[in-house]
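Reckoned from all heavy atoms, side chains included, excluding hydrogens, waters and symmetry mates. Residue numbering restarts at 1 for every chain, and letters A, B, ... go by the order of the sequence lines.
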Amino acid sequence: MMIALVDVNNFYASCEKMFNPALKNKPVVVLSNNDGCVIARSDEARTLGIKMGTPAFTISQLVDDHNVQVFSSNYTLYGSMSNRVITILKSFVESVETYSIDEAFLNLDGLKYKDLFLLGIEIREKIMSHTGLPVSIGIAPTKALAKMANRFAKKNRKEIGVHAATEQQNIDALLKVTDVNDIWGIGPQYQKLLHNNGFNTAADFVNAPEEWVRVNMTVVAQRLLHELKGIQAVKWEDVPPPRKNICTSRSFGTQLTSYTELKQPVAAHAATCARKLRQEGSCATKVYVFIETNPFRAEDKQYHTAVTIPLTVPTNSTMEIIKFALRGLAMIYKPGYKYQKAGVMVLDIVSQTAIQLSLFDTRDRGKDQRLMKAIDDTNKYFGDNAVRYAVQSSDQKWHLRRMHLSPRYTTNIDEVMKVKAN
DNA sequence: TCTGGGGTCCTAGGACCC
DNA sequence: TCTGGGGTCCTAGGACCC
């Protein structure tokens, strides 16, 4: 097999730059939810030494000194740009696996291109001219090697942006110049373990005894070893498998202490989970609720806890999931703590069509479903949360901070770019 | 005095990804 | 004052069953 990995460089930061020419050559950072920490930065911001994951408040001096442009994350915009990129990729290749919002694997088998490197160049140019976004492309026989080639293209072939390692000699060269911590699937813990045992480059790792890898790093890393040897061990999934869990959680804008206050975010997260379930035509068999204090505040008493509640019949009804989530909250809530975050997860998801009715089920599910559909349709028309459930108050206390939001250029007619023509 | 073995299910925690 | 959110997979250990 031959696989290409295409990803957008500094995706969120590049999106912001794309829509605002004044940002050209300026340092740009994009912040996480709640404007908490840096999750994307332009090359200029990287050069200033701003690291991924850095808390926003620690870079305020740098921001002032170098006029760094700061943005709250605008997922509506990034999502729509992502769709455009995927559409372009599908114009080249039939089998595209969308791996994340900013990257995709392409199956290059059976293409009539003689030179896959040139195909990469062509793809890159088309994405640039159609979306204005810069991408890097790595081409190799397995996903792990394509990842590695991609990283090489980004770091060492910046002007070209494409690297192909399709022959064994190119692969060997690539392995030699890649440190183990730059291998897809090797994180900080495994990096430490490998370094301590004398494995420093990917070439060292490839020659590690397989049994040692399996015992010390589980079968996951053993599969990785195969991938680097050119043997496919990570499945090709151009149709995404159904999700097993859905999680909705947020940190609060301010800390909450009372049970009454906590009910609001928990109910809202429960409602979001239910909506996501309905969107993909599935139901959950368990509801999991958690609340936690802020672990960074050493001076505060810490408490984090969770509970799983099994449901007698799998459901995607907002009212039911709110009911069980609140029941869970009542079980785990303890007064006297400053809570910083709450979340709801729906677990063991099954397809809506495959639900067995329980003998003990007394709920009128047909009625529930009709109500849910009416609410979903209304919200689709008027915008999310036009219709809410009683417990989801409009009190903003727990809501996000988003001080630096850019317009929804591509998805909201009131916010599209205006060009003055006179 | 001798105190099984095999299987499943569940949970918590750890590792990783973007 | 201010430290994201959403996932997956694997393993170990406990509970429980026969």
Students often mix this up, so state it plainly: with edges at 30° and 60°, are the rings of A/Tyr99 and A/Phe105 parallel, tilted or perpendicular?
perpendicular
Specify whether A/His163 and A/Phe152 have parallel, tilted or perpendicular ring planes, treating 30° as the upper limit for parallel and 60° as the lower limit for perpendicular.
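Rings of A/His163 and A/Phe152: tilted, as their planes differ by 30° to 60°.
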Base, sugar-phosphate alone, or nothing: which one does [X] contact when heavy atoms must sit under 4.0 Å apart?
{"X": "A/Asn245", "result": "sugar-phosphate"}
{"X": "A/Arg297", "result": "sugar-phosphate"}
{"X": "A/Thr248", "result": "sugar-phosphate"}
{"X": "A/Pro295", "result": "nothing"}
{"X": "A/Glu237", "result": "nothing"}
{"X": "A/Leu31", "result": "nothing"}
{"X": "A/Ile101", "result": "nothing"}
{"X": "A/Lys143", "result": "nothing"}

Nucleotides bounding contact with chain A, strand DNA chain B, heavy-atom threshold 4.0 Å
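Listing 5' to 3', DNA chain B meets chain A from B/dT11 to B/dC18.
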DNA chain B: stems of at least 3 consecutive Watson-Crick or G-U pairs whose donor-acceptor distances fall under 3.5 Å
B:5-18 with C:5-18
Consider only side-chain N and O atoms of A/Thr318 and A/Arg278, and report whether a donor and an acceptor are under 3.5 Å apart.
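Judged by distance alone, the side chains do pair up.
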Under 4.0 Å between a Lys/Arg side-chain N and an Asp/Glu carboxylate O for A/Lys26 and A/Glu16?
no
Nearest heavy atom decides the nucleotide; on that basis, is A/Lys244 or A/Lys341 closer to the 5' end of DNA chain C?
A/Lys341
